Amino acid sequence: MNRQELRPPLTTLWSGRDPFAAAATLAREAASGDLVRDVEGRRTLRFEIDSRGYYLKLQNGVSWGRIAEELIHLRRPVLGAGNEWDAIRRCHELGVPTMTAVGFGERGSGPARRDSFIVTEAIEPAVDLDEFTRNWREQAPPPALKHALIRAVASIARRMHEGGVNHRDFYLCHFLMRTVPEPSAGALQLALIDLHRAQLRSHTPRRWRDKDLAGLYFSALDIGLTRRDKLRFLRAYFPTSLRETLQSERTLLTQLEREAARLKLRFERKFANRPALQR
């Protein structure tokens, strides 16, 4: 396997160079403050070109143990950056606001020996919705802004699922909102990020749609949403009338409550001994 594609400004910056070597050099030379994530053979770092921010995700194979674990749980292993590259492209086709990718490469004869990278433009300045909504229970936002955000998130979820994409990590922290201009009900700029594990099909299976919705609901459990807020989301997400949705999706709505509670309990157990809880 050997796939690669570069777009400006990388076509100029890396002209005449091996893109894989150029990406590896960036990773080696990155200062500690530039490193965003380093786990399980994947490194994510921020760098700049002409004072504009970019993110590089570099992956050096997947262990056979991790592959086996995914298969045991009936999940398709993510073997490289190509999955996110394809997911970003599909989201743009669907009108789902997301990252802009400017470079991608993948090579190697097997999953455990596969090198890959992806470079995306930084979305800056911005705040993720987990952070933005964290104090809503104590300090409620302007109603018009909250309602507009609910509708915007529901619209992204609907377009994504109708277009055959499910995220698999569909939480508030993976929605970035630009902060310039200042967010308002009439001026919201959201982007869905972290599409590393997204699945692409012609149609999203109900099981995976429901998993996404449960994850999103779980991440919003503690921000003070009212019953009307939840109904507002349903009205924007489902194509049918609210009355029809409440009847036809009764089982789903019950499952969402149960699954969100289960996720919250698992989250609290996992991080019980850590000094701070962060989603």
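Just so it is clear, the structure is predicted and the values come from calculations on it, not from any experiment. Below, each value reflects all heavy atoms present in this structure, side chains not excepted, and no hydrogens, waters or symmetry copies.
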Undergrad: Hey, which of Leu216, Ile193, Leu192, Ile156 is the one that makes side-chain contact (heavy atoms from CB on, under 4.5 Å) with His167?
TA: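 For His167, the side-chain contact (heavy atoms from CB on, under 4.5 Å) test succeeds with only one of Leu216, Ile193, Leu192, Ile156, which is Leu192.
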Undergrad: Do Arg158 side-chain atoms and Val153 backbone N/O form a donor-acceptor pair below 3.5 Å?
TA: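 Here the side-chain-to-backbone pair does not exist.
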Undergrad: Please check this pair: side chain of His161 against backbone of Asn166, looking for a donor-acceptor N/O pair closer than 3.5 Å.
TA: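 No, because the side chain of His161 does not come within donor-acceptor range (under 3.5 Å) of the backbone of Asn166.
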Undergrad: Any salt bridge between Asp212 and Arg207, counting N to O under 4.0 Å?
TA: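 Looking at Asp212 and Arg207, the cut-off is not met.
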Undergrad: State whether the side chain of Thr254 and the backbone N or O of Arg250 hold a donor-acceptor pair below 3.5 Å, judged by distance alone.
TA: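 Pair found, side chain donor or acceptor close to backbone of Arg250.
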Undergrad: If you define the side chain from C-beta out and look only at heavy atoms, does anything of Leu56 sit under 4.5 Å from Phe47?
TA: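 Yes. Closest side-chain heavy atoms under 4.5 Å.
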Undergrad: So how far is it from Ile223 CD1 to Leu149 CG, rounded to the nearest 0.5 Å?
TA: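 Ile223 CD1 to Leu149 CG: 9.0 Å, rounded to 0.5 Å.
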Undergrad: Does Met99 offer a backbone N or O that forms a donor-acceptor pair with the side chain of His92 under 3.5 Å?
TA: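 Yes: the side chain of His92 pairs with the backbone of Met99.
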Undergrad: Distance only, no hydrogens: is a donor on one side chain within 3.5 Å (strictly under) of an acceptor on the other, for Tyr217 and Glu259?
TA: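 On atom types as modelled, these side chains do not qualify, holding no pair under 3.5 Å.
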Undergrad: Quick check for you: to the nearest 0.5 Å, what is the distance between Phe218 atom CZ and Lys264 atom NZ?
TA: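 Here the interatomic distance stands at 8.5 Å.
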Undergrad: What's the spacing between Trp136 CH2 and Leu129 CG if we round to 0.5 Å?
TA: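 Reported to 0.5 Å precision, the distance equals 7.5 Å.
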Undergrad: Considering only NZ, NE, NH1 and NH2 on the basic side and carboxylate oxygens on the acidic side, decide whether Lys146 and Asp229 come within less than 4.0 Å.
TA: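 Salt bridge between Lys146 and Asp229, a charged N being under 4.0 Å from a carboxylate O: yes.
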Undergrad: Please report the closest heavy-atom contact between Leu172 and Ser219, naming both atoms and the distance.
TA: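 Here Leu172 and Ser219 meet closest at N-OG, 3.1 Å.
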Undergrad: Does Lys57 pair with Asp194 as a salt bridge, N-O distance under 4.0 Å?
TA: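 Salt bridge present between Lys57 and Asp194.
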Undergrad: Keeping Thr120 on the side-chain end and Thr100 on the backbone end, is there a donor-acceptor pair under 3.5 Å?
TA: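 No: the side chain of Thr120 does not pair with the backbone of Thr100.
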Undergrad: Is it the case that the side chain of Thr204 and the backbone of Val165 share a donor-acceptor pair, with hydrogens and angles ignored and the cut-off at 3.5 Å?
TA: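 Checked: pair present.
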Undergrad: State yes or no: are the ring centers of Phe238 and Phe233 separated by less than 6.0 Å?
TA: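 That pair fails the under 6.0 Å test.
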Undergrad: Side chains of Gln199 and Trp208: does their closest heavy-atom pair fall under 4.5 Å?
TA: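 In contact.
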Undergrad: Nearest 0.5 Å please: distance from the CG atom of Asn83 over to the NE2 atom of His196.
TA: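 That separation rounds to 7.5 Å.
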Undergrad: Tell me whether Asp128 contacts the main-chain N or O of Glu131 through its side chain, where contact means a donor paired with an acceptor under 3.5 Å.
TA: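 The answer is yes, because a donor-acceptor pair under 3.5 Å joins these two groups.
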Undergrad: Can you confirm whether the side chains of Glu48 and Ser51 place a donor and an acceptor under 3.5 Å from each other?
TA: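 Their side chains do not contain a donor-acceptor pair, so the 3.5 Å distance test is not met.
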Undergrad: Closer than 4.0 angstrom, basic N to acidic O: yes or no for Arg90 and Glu84?
TA: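 Salt bridge between Arg90 and Glu84, a charged N being under 4.0 Å from a carboxylate O: no.
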Undergrad: Can any side-chain N or O of Gln59 pair as donor or acceptor with the backbone N or O of Ser116 at less than 3.5 Å?
TA: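 Checking the backbone N and O of Ser116 against the side chain of Gln59, no donor-acceptor pair under 3.5 Å is found.
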Undergrad: Any chance you could lay out the side-chain contact (heavy atoms from CB on, under 4.5 Å) test for Arg269 and Leu265, step after step, and finish with the verdict?
TA: CA-CA 6 Å; Arg269 286 175 176 171; Leu265 180 61; 3.7 Å; yes
Undergrad: Could you state the interatomic distance from CZ (Arg228) to NE2 (His147), rounded to the nearest 0.5 Å?
TA: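 Result: 9.0 Å between the selected atoms.
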Undergrad: Would you name the heavy atoms of Leu256 and Asp210 that are closest together and state the gap between them?
TA: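 Reported closest heavy-atom pair: CD2-O, 4.0 Å.
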Undergrad: Under 4.0 Å between a side-chain nitrogen and a carboxylate oxygen: does that hold for Arg46 and Glu124?
TA: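 Salt bridge: yes.
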Undergrad: Kindly compute the distance separating CZ (Arg17) from CG (Leu13), expressed to the nearest 0.5 Å.
TA: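 Going from CZ on Arg17 over to CG on Leu13, the span is 7.0 Å.
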Undergrad: Verify, without hydrogens or angle tests, whether Arg178 (side chain) and Pro125 (backbone) share a donor-acceptor contact under 3.5 angstrom.
TA: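 The answer is no, because no donor-acceptor pair under 3.5 Å joins these two groups.
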Undergrad: So, are Arg197 and Asp169 salt-bridged, with charged N and O less than 4.0 Å apart?
TA: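 Result for this pair is yes, salt bridge flagged.
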Undergrad: Identify whether the distance between the nearest side-chain nitrogen and carboxylate oxygen of Arg134 and Asp222 falls below 4.0 Å.
TA: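 Looking at Asp222 together with Arg134, the answer is no, because their closest N to O distance does not fall below 4.0 Å.
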Undergrad: Could you walk me through whether Arg262 and Arg258 pass the side-chain contact (heavy atoms from CB on, under 4.5 Å) check?
TA: CA-CA 6 Å; Arg262 186 188 69 81; Arg258 184 167 57 246; 5.8 Å; no
Undergrad: Considering all heavy atoms of both residues, which atom of Gly103 and which atom of Phe117 are nearest to each other, and what is their separation?
TA: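 Looks like C-CE1, 4.0 Å.
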Undergrad: Do Leu246 and Leu231 pass the side-chain contact (heavy atoms from CB on, under 4.5 Å) test, and can you show the C-alpha distance, the side-chain angles, and the key distance before you say yes or no?
TA: CA-CA 9 Å; Leu246 292 176; Leu231 295 177; 4.0 Å; yes
Undergrad: Any side-chain to backbone donor/acceptor pair from Ser155 onto Arg151? Under 3.5 Å, distance only.
TA: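 No: the side chain of Ser155 does not pair with the backbone of Arg151.
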Undergrad: Would you say that Thr44 contacts Leu58 through its side chain, given a criterion of any heavy-atom pair below 4.5 Å between the two side chains?
TA: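 With C-beta onward as the side chain, the pair stays apart.
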Undergrad: Taking the six-membered ring of Phe20, is NZ or CZ of Arg107 closer than 6.0 Å to its centre and within 45° of its axis?
TA: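 Here Arg107 passes the 6.0 Å and 45° test against Phe20.
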Undergrad: Measuring only between side-chain heavy atoms, which start at C-beta, is Glu106 closer than 4.5 Å to Arg114?
TA: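 SC-SC contact between Glu106 and Arg114 confirmed.
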Undergrad: Does Glu5 pair with Arg7 as a salt bridge, N-O distance under 4.0 Å?
TA: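 Arg7 and Glu5: salt-bridged.
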Undergrad: Check Pro183 against Leu188 and note the closest heavy-atom contact, atom names and distance.
TA: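 Looks like CB-CD2, 4.1 Å.
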Undergrad: Which pair of heavy atoms, one from Gly215 and one from Tyr171, lies closest together, and at what distance?
TA: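 Nearest heavy atoms, Gly215 then Tyr171: O-CD2, 3.3 Å.
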Undergrad: Looking only at heavy atoms, what is the nearest atom pair of Ala126 and Leu176, with distance?
TA: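 The pair with the smallest heavy-atom distance is CB-CB, 4.4 Å.
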